[in-house]
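To start, the structure under review is shown below, and the notes come after it.
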Amino acid sequence: MKIKSVSCSPIEGQLPGTSGLRKKTRVFMAPGYLENFIQATFDAIGGGQDKTLIVGGDGRFFNRDAIQTILKMAAANGVTKVIVGQDGILSTPAASHLIRLNNAEGGFILSASHNPGGIDEDFGVKFNGQNGGPAPESLTDLIFEATKNITQYQIVDVDDVDLASIVTSYIGGMSVQIVDPVESYETLMQTLFDFDAIRGLFESGFTMCFDAMHAVTGPYATAILEGSLGAAPGTVVNGTPLEDFGKGHPDPNPIWAKTLMDLMMSDAAPDLGAASDGDGDRNMIVGRGIYVTPSDSLAVLAANAHLAPAYAGGLAGIARSMPTSAASDRVAQKLGIGLYETPTGWKFFGNLLDAGKVTICGEESAGTGSDHVREKDGLWAVLLWLNILAVRKQSVSEIVTDHWATYGRDYYSRFDYEAIATEKANALMSDLRARITGLSGQTVAGLTVASADEFSYDDPVDGSVSENQGVRIAFTGGGRAVFRLSGTGTQGATLRLYLEQYADQTGDLTRATQDALQKVRDAALAISKMQDMIGRTTPDVIS
Ligand code: G1P
Ligand code: ZN
């Protein structure tokens, strides 16, 4: 086996502090680009000697080519063993599980999550560490520095590995074990949930539609829901992963999963609708005639988790990202457990989970998960819902309505302003920051500001501080607006405005969301001078 050193140039565009790279696919296909990031990662983790790695992706265009490159570079960097999902397929949560199960050093996950796939769409790669979660900032900083400084990468010149057969082969001294992508993951799910109860639910005539959006959860959902749990054939739709996701946008929200939403709002609706994203970490839950916001879903799951075997002993605590609604705070308070508010992004949950401070975490962007892996997990959320539905023998709508009657309702919506000129987006944020301390007590558009600050997070586990995590403005009467810039956009800047309004148990719990949020929205637009700063107030996406 001959190891070649190939010259490469520094790469642009990895954001410091992010655990991976997300770019147009053609950028990744340029000679040396992917290779630079992979070599930088090997350099940052101190080489590949004596290390086991997990490799897989969401099946999008370039997935298999990227895996071949990674395997050849892993062999050149001295890696001992690589475990790869068959056909290159591994959902993000399944990859996280395999890292933990095999005590691996980490894993490369190929995905641009919910972004479209194809030669003219997006591709991505990220490195997860030993705990199965996104690499911590200390490591991503090292990778980032290395991407700017490396001049060559190591690769071996061998034939491609057969990814289709479940066998172990060798590149030099490195073994490449191809595994069924679903098997270990399903075994883990069986330890968490009452499969017999869920099977009974389906036997009793319960119906469901799971939209895999032509992305990675197709094989997982088909094997688990239709295969093991006895859901009717055809329960999983769009279940074959396609390189371009059927030209769709594999993001499980009411906009991109519109066909499912339309079905769930129609007379033909099954009892439960669910969807997951490109790499299987996000989820959407819809009952017959009722969409469950991700913030509400987190709260309902936390309040009912004890009904599933893995959580029967109770939860250690709940964590939610700062822009996620306060619905789960109310559950934590009632349960008498800790509630942690973290910056946006799953990596902040990792320390809390590792330290045993929390059991369940979630984000308003449709990510929910628990301490079973170190990533959010779309199918896990769906199975926990099914377990709860099986035990409570009520509809989604009854469970959500009952939740609001117990805790009150947090009306919630997110507005996204996409592809804004970066200078304008930055100017809006700095202008807000400059005025923030003077906002308290001011009345704008009929609402009084109770408090305003920029969120900064002191990690209670490792003491690290993450500043500038979004401007939050609380209003008297239970309203809140949050402004932050997206860290995952690929074009210009994306400004996110998160709106919420609490109505207590005695309030009107049946209003239309945007009506309930009107005052908060008007005040937020006025305070930020949105029209003046970015030239518009109408968002591209409302979710
Ligand atoms: C978005 C979501 C965030 C999520 C991330 C990765 O990040 O808002 O909750 O963790 O995608 O899926 P953003 O673009 O807002 O930085
Ligand atoms: Zn994802």
Side-chain angles (χ1 to χ4, degrees), residues 15 17-22 56-60 90-96 109-117 122-126 128 133-134 212-213 215-217 220 241 245 249-253 256-257 275-284 293-295 297-298 319-325 341-350 361-369 373-381 412-420 425 429 455 457 466 468-471 482-498 539-541 543:
L15 296 170
T18 52
S19 59
L21 266 182
R22 203 177 285 182
D58 63 10
R60 70 180 62 220
L90 280 181
S91 75
T92 289
S96 179
I109 302 175
L110 293 320
S111 172
S113 190
H114 47 283
N115 293 10
D122 291 350
F123 192 77
V125 54
K126 64 175 180 167
N128 278 25
M213 306 188 88
V216 80
T217 47
Y220 294 84
F245 306 122
H249 196 132
D251 197 0
N253 63 37
W256 297 116
S276 192
D277 73 329
D279 62 329
D281 56 0
R282 293 186 174 193
N283 74 89
M284 176 169 96
T293 69
S295 294
S297 180
L298 172 65
R320 64 160 173 87
S321 67
M322 182 275 283
T324 304
S325 93
E341 188 177 30
T342 61
T344 294
W346 203 260
K347 67 178 176 194
F348 293 97
F349 296 137
C361 320
E363 295 195 275
E364 51 66 39
S365 53
T368 11
V373 288
R374 292 296 179 273
E375 287 279 1
K376 52 199 177 218
D377 188 344
L379 204 48
W380 167 90
Y412 191 87
S413 183
R414 185 176 99 182
F415 286 18
D416 297 332
Y417 301 84
E418 294 173 349
I420 310 172
M429 290 304 290
F455 181 54
Y457 179 63
S466 303
N468 298 338
Q469 297 297 327
V471 167
V482 170
F483 294 85
R484 66 174 278 280
L485 296 182
S486 156
T488 62
T490 46
Q491 227 191 335
T494 296
L495 172 69
R496 304 207 194 281
L497 168 58
Y498 310 80
D540 298 284
V541 180
S543 54

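Whatever order the structure lists them in is the order used to number ligands and atoms, beginning at 1. One is the number of the first residue; the rest follow in order along the sequence. Quick caveat, the model's predicted, so the values are computed rather than measured.
Smallest separation of non-hydrogen atoms from Met213 and Asp251: CE-O, 3.6 Å. Minimum heavy-atom separation, Asp281 to Ser276: N-OG, 4.3 Å. Listed here is the closest heavy atom pair of Gly117 and Arg60: CA-NH1, 3.7 Å. Heavy atoms only, all atoms of each residue included: Ala257 and Met284 are closest at CB-CE, 3.7 Å. Contact between Ser96 and Gly133 at its shortest, heavy atoms only, is OG-N, 4.4 Å. Trp346 and Thr368 make their closest contact through CH2-C, 3.8 Å (heavy atoms, listed as atom of the first residue, atom of the second, distance).
Near Arg496, with a cut-off below 4.0 Å to any heavy atom, the atoms of ligand 1 are 8 (O), 13 (P), 14 (O), 15 (O).
Considering backbone and side-chain atoms alike, Arg484 places an N or O below 3.5 Å from some N or O of ligand 1. Backbone and side-chain nitrogen or oxygen atoms of Leu485 are examined, and none is located within less than 3.5 angstrom of a nitrogen or oxygen of ligand 1. By the 3.5 Å distance cut-off applied to N or O atoms, Arg22 is not counted among the residues near ligand 1. Geometrically, ligand 1 and Thr344 share no nitrogen or oxygen pair separated by less than 3.5 Å. Here's the thing with Glu363: one of its N/O atoms is less than 3.5 angstrom from an N/O atom of ligand 1.
Taking the Zn ion (ligand 2) as reference, Asp277 places its N/O/S atom OD2 nearest. When the Zn ion (ligand 2) is compared with the N/O/S atoms of Asp281, atom OD1 turns out nearest. Asp279 contributes atom OD1 as its closest N/O/S atom to the Zn ion (ligand 2).
Residue contact annotation: Arg414 has a non-hydrogen atom under 4.0 Å from ligand 1. Ligand 1 has at least one atom lying under 4.0 Å from a heavy atom of Gly345.
Going from atom CG of Asp416 over to atom CG of Leu495 covers 8.5 Å, rounded to the nearest 0.5 Å. A distance of 7.0 Å separates CG of Leu298 from OG1 of Thr324, quoted to the nearest 0.5 Å.
Only the side chain of Ser365 comes within contact range of ligand 1, with a heavy atom under 4.0 Å; no backbone atom does. Only the side chain of Lys376 comes within contact range of ligand 1, with a heavy atom under 4.0 Å; no backbone atom does.
Residues satisfying the side-chain hydrogen bond (donor to acceptor under 3.5 Å, both in side chains) test with Asp277, not counting sequence neighbours, are Ser113. Contacts of Glu363 classified as side-chain hydrogen bond (donor to acceptor under 3.5 Å, both in side chains), with partners at least two apart in sequence or in another chain: none.
Remark: minimum distance from atom 7 (O) of ligand 1 to any protein heavy atom is reached at Thr488 CG2, 3.6 Å. Looking at atom 1 (C) of ligand 1, its nearest protein heavy atom turns out to be Arg282 NH2, 3.7 Å. From the protein, the heavy atom lying nearest to atom 16 (O) of ligand 1 is Gly487 N, 2.6 Å.
The closest donor-acceptor contact from the side chain of Ser295 to the backbone of Ser325 lies under 3.5 Å.
Within the 2.8 Å limit, Thr92 places no N, O or S atom next to the Zn ion (ligand 2).
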